[in-house]
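Reading through the structure tokens given below for one structure.
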Amino acid sequence: MDVRAFTVGPFQENTFIVRRDGADHALVIDPGDEPELLAEAIEKLGVTVDAILITHTDVDHVGAVAPLAKQTGAPVYCPKLEVARLQDIMGHLPIPGIGPYEGYDPEHTVEGGEQLDLAGLRIDVVPTPGHTEGHVTYAFPDEGVIASGDVLFQGSVGRTDRPNGDHQTLLNSIATLLERYPDDTLVLPGHMGTTTLGRERDTNPFLQELAR
């Protein structure tokens, strides 16, 4: 699997372009900002974007969805419980002075439990709420990769101090990922560097509660 990471926007969010090695079709995961940069990268790779996958609709993960979807023609997959925030990004912004960002009406919604076949990749959609109410993780079991959004980070976990967050729910979601996928699974997080499930199981202080 060929994974290209781009850290974009004021929140230093990770957008990923993924494809099978050498393939000319790709997926974009959580295009958060800087659509021109992402469009240029897609053009340089010479790929057709088959879909845009959204783990959750915090502004730093969806700021470039509309322009990129319009430019590539790729359908957007959005968590069903969070469609309203994607449709009206500016109406849900908690921080003044950010944006403006264009809303988007997604072509598809996901809740978790779906299996997708896009760009020649088999994808499990795993419900992983806790950071937000509708958050999903996109798992690529044949490639040993998961895109975890803001659920699990290198040495940390997603924040749960907002009204749509819940710490125990987040830990339960992470436990599901640890139970379902091998320790050598590569984690593509929404912020900071990549890691593996095994590394986080062994060293992440926030996961010590799961070991009890």
Nearest heavy-atom neighbours spanning Tyr77 and Ala51: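 Between these two residues, the closest heavy atoms are CE1-CB, 3.7 Å.
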Check Glu34 against Thr7 and note the closest heavy-atom contact, atom names and distance.
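That closest heavy-atom pairing would be OE2-O, 4.3 Å.
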Nearest 0.5 Å please: distance from the [atom1] atom of [X] over to the [atom2] atom of [Y].
| X | Y | atom1 | atom2 | result |
| --- | --- | --- | --- | --- |
| Thr15 | Ile52 | OG1 | CD1 | 10.5 Å |
| Leu53 | Ile123 | CG | CD1 | 5.5 Å |
| Leu116 | Asp124 | CG | CG | 8.5 Å |
| Thr160 | Asp150 | OG1 | CG | 12.0 Å |
| Thr194 | Phe16 | OG1 | CZ | 7.5 Å |
| Thr169 | Asn164 | OG1 | CG | 11.0 Å |

For residues [X] and [Y], is any side-chain donor paired with an opposing acceptor at under 3.5 Å?
| X | Y | answer |
| --- | --- | --- |
| Asp33 | Tyr101 | yes |
| Ser148 | Thr137 | no |
| Glu82 | Thr57 | yes |

Checklist line | Glu43, CD atom: more than 12 neighbouring heavy atoms under 6.0 Å | finding: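 No, because the 6.0 Å sphere around CD of Glu43 holds 12 heavy atoms or fewer from other groups.
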| Inter- and intrachain pairs under ring pair (Phe, Tyr, Trp, His ring centres under 6.0 Å), touching residues 20-68, at least two apart |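 Matches after skipping sequence neighbours: His56-His61, His56-His131, His56-His135, His61-His191.
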task = Not counting sequence neighbours, list each pair that qualifies as a ring pair (Phe, Tyr, Trp, His ring centres under 6.0 Å) and has a residue in residues 155-188.
result =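 The answer is none; no pair qualifies.
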Can you find a pair of side-chain heavy atoms, one from [X] and one from [Y], that are under 4.5 Å apart?
| X | Y | value |
| --- | --- | --- |
| Asp202 | Leu207 | no |
| Asp2 | Val18 | no |
| Tyr104 | Gln87 | no |
| Pro129 | Ser173 | yes |
| Val136 | Val126 | no |
| Thr48 | Asp50 | yes |
| Thr55 | Tyr138 | yes |
| Pro106 | Leu86 | yes |

- Message: Once salt bridge (charged side-chain N to carboxylate O under 4.0 Å, His left out) is applied, what residue pairs with a partner in residues 63-72 remain, sequence neighbours excluded?
- Response: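 Pairs touching residues 63-72 that pass the test: Lys70-Glu102.
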* Which residue pairs pass the salt bridge (charged side-chain N to carboxylate O under 4.0 Å, His left out) test when at least one of the two sits in residues 51-68, sequence neighbours left out? ->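 As it turns out, the salt bridge (charged side-chain N to carboxylate O under 4.0 Å, His left out) pairs with a partner in residues 51-68, which skip direct neighbours, are Asp58-Arg162.
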Between [X] (side chain only) and [Y] (backbone N and O only), is there a donor and an acceptor less than 3.5 Å apart?
| X | Y | answer |
| --- | --- | --- |
| Asp24 | Val47 | no |
| Gln208 | Asn204 | yes |
| Ser156 | Phe153 | no |
| Arg19 | Ala23 | yes |
| Glu114 | Glu111 | yes |

Is it possible for you to say whether [X] and [Y] belong to one hydrophobic cluster, with membership spreading through side-chain heavy-atom contacts below 4.5 Å?
| X | Y | value |
| --- | --- | --- |
| Ile54 | Leu93 | yes |
| Val3 | Leu197 | no |
| Ile29 | Leu38 | no |
| Val59 | Val65 | yes |
| Ile17 | Val76 | yes |

- Message: For Glu133, is there an ion pair with Arg85 - N to carboxylate O distance below 4.0 angstrom?
- Response: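 Looking at Glu133 together with Arg85, the answer is yes, because their closest N to O distance falls below 4.0 Å.
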SB check Asp142 Arg122 (cutoff 4.0 Å)
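Judged by the 4.0 Å cut-off on N to carboxylate O distance, Asp142 and Arg122 do form a salt bridge.
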task: Could you walk me through whether Glu40 and Lys44 pass the side-chain contact (heavy atoms from CB on, under 4.5 Å) test, one step at a time?
output: CA-CA 6 Å; Glu40 182 180 353; Lys44 284 184 177 179; 3.3 Å; yes
Should Val151 and Leu170 be marked as a side-chain contact (heavy atoms from CB on, under 4.5 Å) after you check the CA-CA gap, both sets of side-chain angles, and the distance that decides it?
-> CA-CA 7 Å; Val151 169; Leu170 181 77; 4.0 Å; yes
Between Val8 and Asn14, does the side-chain contact (heavy atoms from CB on, under 4.5 Å) criterion hold? Intermediate values first, please.
CA-CA 6 Å; Val8 299; Asn14 294 330; over 6 Å; no
Taking it one step at a time, do Val187 and Glu200 satisfy side-chain contact (heavy atoms from CB on, under 4.5 Å)?
CA-CA 10 Å; Val187 178; Glu200 297 314 306; 5.6 Å; no
Margin query: Could you work out, with salt bridge (Lys or Arg N to Asp or Glu O under 4.0 Å) as the rule, every residue matching Arg180, not counting sequence neighbours?
Written below: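 Salt bridge (Lys or Arg N to Asp or Glu O under 4.0 Å) list for Arg180, sorted by chain: empty.
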| message | Tell me every residue that passes salt bridge (Lys or Arg N to Asp or Glu O under 4.0 Å) with Arg20, counting only those two or more places apart in sequence or in another chain. | response |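 Residues passing salt bridge (Lys or Arg N to Asp or Glu O under 4.0 Å) with Arg20: none at all.
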